[in-house]
Amino acid sequence: MPFIPHTGPEVQQMLATIGVSDIDALFDEIPETLRVRSLERIPEGMNEQQVMQLMQERARQDGRPINFIGAGAYEHHIPSAVWSIITRGEFYSAYTPYQAEASQGTLQSIYEFQSMITALTGMEVANASMYDGATAVAESCLMAVRANRRSQSSRILLSRSVHPHYRAVVQAMTSNQSLKLEEQAIVRERGTTDAAALASLAGQDLTALVIQQPNFFGLLEDVDALCDWAHAQGAVVIAVVNPTSLALLKPPGQWGARGADIVVGDGQPLGCPLSSGGPYFGFMATRQEYVRQMPGRIVGRTVDLDGRPGFTLTLQAREQHIRRGKATSNICTNQGLLMMAGTIYMAMMGAVGLERVAAACMARTAELVAALTRLPGVRLGFNGARFHEAVLQFDRPVAPLLDALAAAGIEGGLDLAPWYPELGPALLVCATEMRSSADIATYAAALGKALATVRAA
Amino acid sequence: MPFIPHTGPEVQQMLATIGVSDIDALFDEIPETLRVRSLERIPEGMNEQQVMQLMQERARQDGRPINFIGAGAYEHHIPSAVWSIITRGEFYSAYTPYQAEASQGTLQSIYEFQSMITALTGMEVANASMYDGATAVAESCLMAVRANRRSQSSRILLSRSVHPHYRAVVQAMTSNQSLKLEEQAIVRERGTTDAAALASLAGQDLTALVIQQPNFFGLLEDVDALCDWAHAQGAVVIAVVNPTSLALLKPPGQWGARGADIVVGDGQPLGCPLSSGGPYFGFMATRQEYVRQMPGRIVGRTVDLDGRPGFTLTLQAREQHIRRGKATSNICTNQGLLMMAGTIYMAMMGAVGLERVAAACMARTAELVAALTRLPGVRLGFNGARFHEAVLQFDRPVAPLLDALAAAGIEGGLDLAPWYPELGPALLVCATEMRSSADIATYAAALGKALATVRAA
Amino acid sequence: MSLDLCEALIYDYGCPGRGAHSQWPAAEAAPPAIPAALKRKQRAALPEVSELDALRHYTRLSQLNFSIDTHFYPLGSCTMKYNPRACNAAAMLPEFLGRHPLASARHSQGFLSCMYELQEMLQEVTGMQGVALTPMAGAHGEFAGVAMIRAYHRARGDLKRNEIIVPAAAHGTNPATATMCGCVAREVAVGADGDVDIQALRAAVGPQTAGIMLTNPSTLGVFERRIEEVAQIVHDAGGLLYYDGANLNAILGKVRPGDMGFDVIHMNLHKTFSTPHGGGGPGAGAVGVGPRLLPLLPQPIVTRTVEEGQPHYRWLDAHDLPLSIGRLAGFMGNAGVLLRAYVYMRMLGRAGMSRVGEFATLNSNYLHKRLQQAGFTAAYPQRRASHEFILTLKPQLQELGVSAMDVAKRLLDFGFHAPTTYFPQLVPECLLIEPTETESKETLDAFVAAMSEVLREAASTPEVLRTAPHRMPVRRLDDVRAARELDLAHRPAVLG
Amino acid sequence: MSLDLCEALIYDYGCPGRGAHSQWPAAEAAPPAIPAALKRKQRAALPEVSELDALRHYTRLSQLNFSIDTHFYPLGSCTMKYNPRACNAAAMLPEFLGRHPLASARHSQGFLSCMYELQEMLQEVTGMQGVALTPMAGAHGEFAGVAMIRAYHRARGDLKRNEIIVPAAAHGTNPATATMCGCVAREVAVGADGDVDIQALRAAVGPQTAGIMLTNPSTLGVFERRIEEVAQIVHDAGGLLYYDGANLNAILGKVRPGDMGFDVIHMNLHKTFSTPHGGGGPGAGAVGVGPRLLPLLPQPIVTRTVEEGQPHYRWLDAHDLPLSIGRLAGFMGNAGVLLRAYVYMRMLGRAGMSRVGEFATLNSNYLHKRLQQAGFTAAYPQRRASHEFILTLKPQLQELGVSAMDVAKRLLDFGFHAPTTYFPQLVPECLLIEPTETESKETLDAFVAAMSEVLREAASTPEVLRTAPHRMPVRRLDDVRAARELDLAHRPAVLG
Ligand SMILES: Cc1ncc(COP(=O)(O)O)c(C=O)c1O
Ligand SMILES: Cc1ncc(COP(=O)(O)O)c(C=O)c1O
């Protein structure tokens, strides 16, 4: 019996102790009519050898294309040490550190994580992770409503330059409450939030403004102006940031005169493999004054009976297991293991290493853009300062080109047509430090070939 | 500086403490003329990302052929847990347990390993590993000379059915001492040791007889008769065994009337990946009376100052670090980590699991033999009882066929021509539990095709 | 290891200029083109440590944890069972780790086929009609489920239904979810036998009832025997039934939520399907629905078509699912966790599924009986234990001044993780104990021995319990101080 | 973890009929065809445990170890430096793990190219003309080296040369190797300054001299300054020079054995090139030779040819190397270890090589100085420390009755692995301390602090040292009893 250690004699002894004749008797409180008869659609079991062979086969089907897609999930180098540590049983197979004395490893790691995230974002406090970047944005909107006592409107402004999936998640996760989400226009030529359009809302009751930096197109927003404008309206500023970029970009805690109020993002670039979209982790940081409005676990340093320093979950009165229907969120299980990966990644990279990564990504993307825009029919979408992604405009639909690239073992980027039809044929590309000049040349050559064969619009 | 933590200021402080001006001054005892000028042939360093990409490229070159080679290294299923445990830093990066109190993990594991190996071989004591099966045989020959006080001749008989590489290693490792190795003939039709030829040596001073079971051709030797015959001559019996086979085959401790005296083998089938030939581990077990003649580390159970049970290296007076020139061997560093893999593998498989593996291998090899001998020009080499390997005879040279198979992604077996020219075109094949019926069909089809295109002799 | 178990902060190993250099890309020749106003001025106060420093520090920290891989961990409601290493190995095959969530269909068939089959297997095992895999934990699944319930009523123009009924013993996520979905949680009482008070339920339902959230077996560790009646009452009142799958392990392969009358369910794959809990997560909270809610499932969902005789898998998204409650994750959720669950289910297979429920229940009832024999008070002694059960230390608190928390802390000294304490809040001084099916009888017996010893100590040396643990890296931590004098980040970091 | 650190035997978890079932292949329908006389009659007494039992047991056992990944481990002569995790990750790529040692050239070019380049790099860094990778540890390399020396003389008809000179301080493997090669080890004295006594050497050499085995820096932790003179004397006497590469780390990139006049050398890749020590092994003891011994290298060796413009790699074996001393391993040696060394060297690169020697020496000299300042007695205070150095506790033994072993055991309580004790035997009550270059100044300073505290205790509470360690899973073990009342295997196993 896979994973069940019982032997026949043991089962008999146990049944005798309980005082029943067979295991089925233990289910006698379940109405007979409800009992499962069989599970036809579950295949027969496999042993580990068989299942590994099956999975290797499935993995082989997917292959290892050269990847130029970013759009919220970025292929970075991950030090081998990171996953060899976090897959240690003591981290991998423990749970939420409810018993602090038996969980100092996890608790101290979370405290260190909180320290690093606050350092990176320039904020005062951070939690121990949210599910992912998108849900962290949604939670930050709900939090903003609680935190912004001056605002009655529950109006949240989100720029159209925020990741479309994130906007969709915010929509889905806040629509049952009284929040009013309002999409803000972007300037067509620049790809950044339209400050003029915003200005027209001046003086109204606004609860929060969500600013993504770099935005979905990889472009840098004028965060100081946006932040100050929002504060002037009495709105809370929610910053959505890429943690890698923070090595080079001004931390949200320093945006404008007062800094952002809530900072969220997806921690994936910090040590989490692409892995089809997860598990990643969302991070969230804020001002000390808002800490009691923050969702998620928080670890504090304290002392034990002997005065020795130690770590424990704190401010649990915000959480569902104490506050139930009045909790800041329903989140319970979070993304602890990935947060650990992020912690070890940040410890190994340090500020300088992260700077190097960020700079390398920018350089590789610049090189990619240069190589691809040399091809006829391809030009750069937006000219502004950017981080490590770029929009390319094409003279024909992008989808068939991507198909041709995929056939050549290249994942060429994200076709923006479904999300931004107003841009016409447009492709979002990304090259991280993992892409070599040879990779870029391979891409350019394959795209050149595709352009030559795939019919122009 | 990769892996060097020093910062500039620290180096300055350290130099000041030492009282020198620069690091180079620390080398002032080395004659100036000898100093290295440069190391032209060492390439520039790489970071982890680069080196992983390089190694992935190299690995890809080798691909993942379907393997039907055995010949001393066998592709078995390895539970994922095995390597996830032994690559834990506490096992991976510790060394020989010289400080017993800080090494109980390794020491107790060795004790358990010794227990399992003695159980499997039916012997009384075992050591903590030799380099590999081949060197274990060589060491066992040297040990036999020490152990067999009655014999003066240092004559060691090795059957030609012993793995040819093992015989070569014994040759190389004993030739500088006074040992006389004598190769014993095999019966051409049966592929096993020629008992009649042996009989002609009766009454002579023989130090030891080496018996491999199953032998290099996968055939079962008549171990009882051989063992009894050797004992009758006053020779020590050295058994060379495949540990997987011992799940089904009579343990050497029960061969003949008195059992073998020294049992060695390669532990690779117990949890070690093929890995191009190593690291594997050799195991060695013997009678209690010979324990002081045994090379290698041995762990004993004892008690501490408080009477608590604990484990420690013992009988170190046999070893080079104490006995120096009079030690039983020069071995120091052994194959500890692989021994750990073997220990965990044996714990997880148990006797029943190992039996299943052994039986599955035998069944798959039988299926393979049946499938291949159905092809014209291919027939079974020897008819006797066998374990999980078989010799196939061909009507034309084997090498070009193997080339054709390799081109089809199949490693078809070992061409015996270089080792046993007397057999004519012969191929040693093996199918473990890892080979499915589909794999076997693929092989048969590819061989059929190769036979049709590669010219017959 | 040395018994000096405290470990400095990673920052204490730091030193300006130190670093894990071989992890860093080469410096770029040209400085990155960032407008001055948007540039970071001061480096973030991240640790500056060598690779060895970091590796050693986190390895040592890991050793301070209890975990399934090192200790029996009978944390009730959390199903801390063995996480097979094969699941991890398979999910970490390089192709899976390297697959971008937005990769083309061409480079996705292997992964998608696993996800499709996982959906199918989860439907089968729960008796539901459709499954969506996105939710990233139980609570996230609850959100999806209640959001679907709301959307269902709304779609029918039944706009007043904004009450979610929860039994008093419900997990905190249930009422919290109701609130997140804009509903009001309304508690119904539980009878002395642990079943929902049917009279109270009848009184609670009405035209305002959106639905009821139940876990069955309940958090009291007993099977809700009148589940069919409960379903009838709620359905008759126009509400829907939500199944909190946290306790699915208890009945896996024995009875299916769909057959009990539930309309929507989430599964805690990190419990029932044995993916790692990772010191807090990740989890996976796939949702399953009956026919009424099928069109409302969150996106994306994998579908299978046959093209030129070959199966082809693809995502259904917003375009394909116009009535969907929408998207709940940046991509498709915790794919790597889902792969682990898939592998686990394939290893167990059909027969293995029901063995989970059977042996989890056997272990639980055995422990339930043995601990009562050892002198502990069961909260529901007259009932069968499901996969877990409750002890109450109320007698001990009254007689000896020893609390459930004291017992929990003292257990740590014996090398056992504590059971869940003070949940469900309904039962005073409770310990919720869930052994799971992967623990052996010896382990259970050893646990009984430790519990018995603790009980003896409670009588003879209660102070030992009150100040426990004594053999851990730290003694009891000051939670009050932690909340009052907030220290949530290492200081230099705050300056960042 | 709980401080109750003892862990039962794996057999104690066993129970007839239990097993890690998902690891087992399905039972075969037909029983295997084995003649009755050759069949096993009784199952071997292996453990019968679940997968979780085994995983938990060995995980817990692991925690009882000190290791580089958890502790500073200044074990002299063993070069316990950081084993980069990347090396392990690269060597464990599935293609490398799955490659059969006898695989065809077609499926071997990636692996062989690594081995070829490794041979080249090792030649360059040692100044030798050829390298063979087979030997599986230092002692195995020594065997290869001395066997080549013997074969060399034999090939020249110089049959009487059967003496191998070793300094009194030599590692035990040196004389043991001489014996294994049918030679006699002849010791030469070492002067008070740690260098070989040149007069004694002159007296020792003669027509019987096969060669000399030296490690430089020596096991006394000092560089043999008159190495050129030593080489001259031995060569003039017709002997060859063997370099025991255990201490190569000290001089890596600073001075090469080949340039010092050595004819043959082994390298401990598990020391200098940072492959794991694995609780005792595996190692890798590649050998390098100068021109005279080139044809004698053990098989196999990788060669590179260019075919149709493409590099092609293949093994040279007995047919290609007729004068070779033969084959020393079942296949090609510890391939996986060699891959790790290759990756390490590629990461370090040219500049990194000499930094190894430099910083290993810096750390060693710093510690040497600080410990003397702290009151310890250096064995060679007037000399530069190489990568390691020796303290002698003779004064403490005489004055306080505290031995080197007592200090070593007490250090464990402070969370430091002990230095090498009582080696080299030449220096009474010695500790051989090797910090390696991968340790930081903080760690060295913490070690000095602990050593100072131990020294204070030696004066104030010597009994604490004599009965140390006190904070480990066990206190001092009874070695005498271990050797006298041999208990080398769990009893049921012996019955097997
Ligand atoms: C009964 C019950 N319901 C819901 C949950 C929430 O699940 P998760 O923690 O995965 O969000 C839990 C988990 O602790 C639970 O025990
Ligand atoms: C000086 C010296 N020579 C030789 C050896 C033998 O090396 P190995 O243990 O790899 O066989 C050692 C290792 O301990 C050593 O320190």
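Order of the sequence lines sets the chain letters (A, B, ...), proteins ahead of strands, with each chain counted from 1.
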| request: List the steps and the verdict of side-chain hydrogen bond (donor to acceptor under 3.5 Å, both in side chains) for His100(C) and Glu75(A). | output: CA-CA 8 Å; His100(C) 193 283; Glu75(A) 185 184 347; over 6 Å; no

Decide, yes or no, whether a salt bridge links [X] with [Y] under the criterion of side-chain N to carboxylate O below 4.0 Å.
{"X": "Glu28(C)", "Y": "Arg356(A)", "result": "no"}
{"X": "Lys409(C)", "Y": "Glu101(A)", "result": "yes"}
{"X": "Glu120(C)", "Y": "Arg41(A)", "result": "yes"}

Heavy-atom cut-off 4.5 Å, strictly under: side chain, backbone, both or neither for [X] against chain A?
{"X": "Met353(C)", "answer": "side chain"}
{"X": "Tyr73(C)", "answer": "side chain"}
{"X": "Met80(C)", "answer": "side chain"}
{"X": "Tyr82(C)", "answer": "side chain"}
{"X": "Pro31(C)", "answer": "neither"}
{"X": "His140(C)", "answer": "both"}
{"X": "His171(C)", "answer": "both"}
{"X": "Ala26(C)", "answer": "backbone"}
{"X": "Ala483(C)", "answer": "both"}
{"X": "Thr70(C)", "answer": "side chain"}
{"X": "Ile325(C)", "answer": "backbone"}
{"X": "Glu228(C)", "answer": "side chain"}
{"X": "Leu328(C)", "answer": "both"}
{"X": "Arg150(C)", "answer": "side chain"}

What part of [X] lies closer than 4.5 angstrom to a heavy atom of chain C: side chain, backbone, both or neither?
{"X": "Val51(A)", "value": "side chain"}
{"X": "Ser109(A)", "value": "both"}
{"X": "Glu29(A)", "value": "both"}
{"X": "Met14(A)", "value": "both"}
{"X": "Glu40(A)", "value": "both"}

| remark: Separation between OG (Ser104(C)) and CG (Asp62(A)), nearest 0.5 Å, reads 9.5 Å

| field | CG-CZ distance between Leu248(A) and Arg43(C), expressed to the nearest 0.5 angstrom | value | 10.0 Å

Are any of the side-chain heavy atoms of [X] and [Y] separated by less than 4.5 Å?
{"X": "Asp132(A)", "Y": "Phe331(C)", "value": "no"}
{"X": "Pro79(A)", "Y": "Glu51(C)", "value": "no"}
{"X": "Lys39(C)", "Y": "Lys250(A)", "value": "no"}
{"X": "Arg346(C)", "Y": "Leu54(A)", "value": "yes"}
{"X": "His270(C)", "Y": "Thr333(A)", "value": "yes"}
{"X": "Tyr92(A)", "Y": "Ser62(C)", "value": "no"}
{"X": "Gln108(A)", "Y": "His57(C)", "value": "yes"}
{"X": "Gln61(A)", "Y": "Glu95(C)", "value": "no"}

Residue selection (most heavy-atom pairs with chain A, distance under 4.5 Å) from [options]:
{"options": "Ser354(C), Ala30(C), Ala178(C), Ala37(C)", "answer": "Ala37(C)"}
{"options": "Leu55(C), Ile227(C), Val337(C), Asn88(C)", "answer": "Asn88(C)"}
{"options": "Thr59(C), Asp259(C), Asn83(C)", "answer": "Thr59(C)"}
{"options": "Gly349(C), Ala86(C), Pro282(C), Gly19(C)", "answer": "Pro282(C)"}
{"options": "Ala103(C), Pro469(C), Pro276(C), Cys114(C)", "answer": "Pro276(C)"}
{"options": "Ala27(C), Gly172(C), Ala33(C)", "answer": "Gly172(C)"}

Examine distances only and state if a side-chain atom of [X] and a backbone atom of [Y] form a donor-acceptor pair shorter than 3.5 Å.
{"X": "Ser275(A)", "Y": "Leu97(C)", "answer": "no"}
{"X": "Trp24(C)", "Y": "Met349(A)", "answer": "yes"}
{"X": "Glu112(A)", "Y": "Ile10(C)", "answer": "yes"}

| Looking only at heavy atoms, what is the nearest atom pair of Pro25(C) and Gly353(A), with distance? | CD-O, 4.2 Å

| query | Below 6.0 angstrom between ring centroids: does that apply to Phe423(C) and His321(A)? | reply | no

| task | Would you please indicate yes or no on a ring centroid separation below 6.0 angstrom for Tyr111(A) and His490(C)? | result | no

| query | Do the ring planes of Phe359(C) and His6(A) sit parallel (below 30°), tilted (30 to 60°) or perpendicular (above 60°)? | reply | tilted

| task | Decide yes or no on side-chain hydrogen bond (donor to acceptor under 3.5 Å, both in side chains) for Asp478(C) and Thr302(A), but give the supporting numbers first. | result | CA-CA 6 Å; Asp478(C) 188 340; Thr302(A) 180; 4.8 Å; no

| message | For a salt bridge (charged side-chain N to carboxylate O under 4.0 Å, His left out) check, start with the C-alpha distance between Glu355(A) and Arg40(C), then their side-chain angles and the critical distance, and finish with the verdict. | response | CA-CA 10 Å; Glu355(A) 258 175 47; Arg40(C) 184 166 196 123; over 6 Å; no

| request: Applying side-chain hydrogen bond (donor to acceptor under 3.5 Å, both in side chains), name anything that partners Asp403(A), two or more places apart in sequence or on another chain. | output: none

| message | Can a side-chain donor-acceptor contact be found between Thr106(A) and Asn65(C) if the only test is distance below 3.5 angstrom? | response | yes

| field | Listed partners of Arg475(C) passing side chain to side chain contact (heavy atoms under 4.5 Å, CB included), at least two apart | value | Asp304(A), Leu305(A), Asp306(A), Arg308(A), Thr467(C), His470(C)

| said: Is there a side-chain hydrogen bond (donor to acceptor under 3.5 Å, both in side chains) between Gln23(C) and His77(A)? Walk through the geometry before answering. | reply: CA-CA 8 Å; Gln23(C) 302 305 338; His77(A) 166 67; 2.7 Å; yes

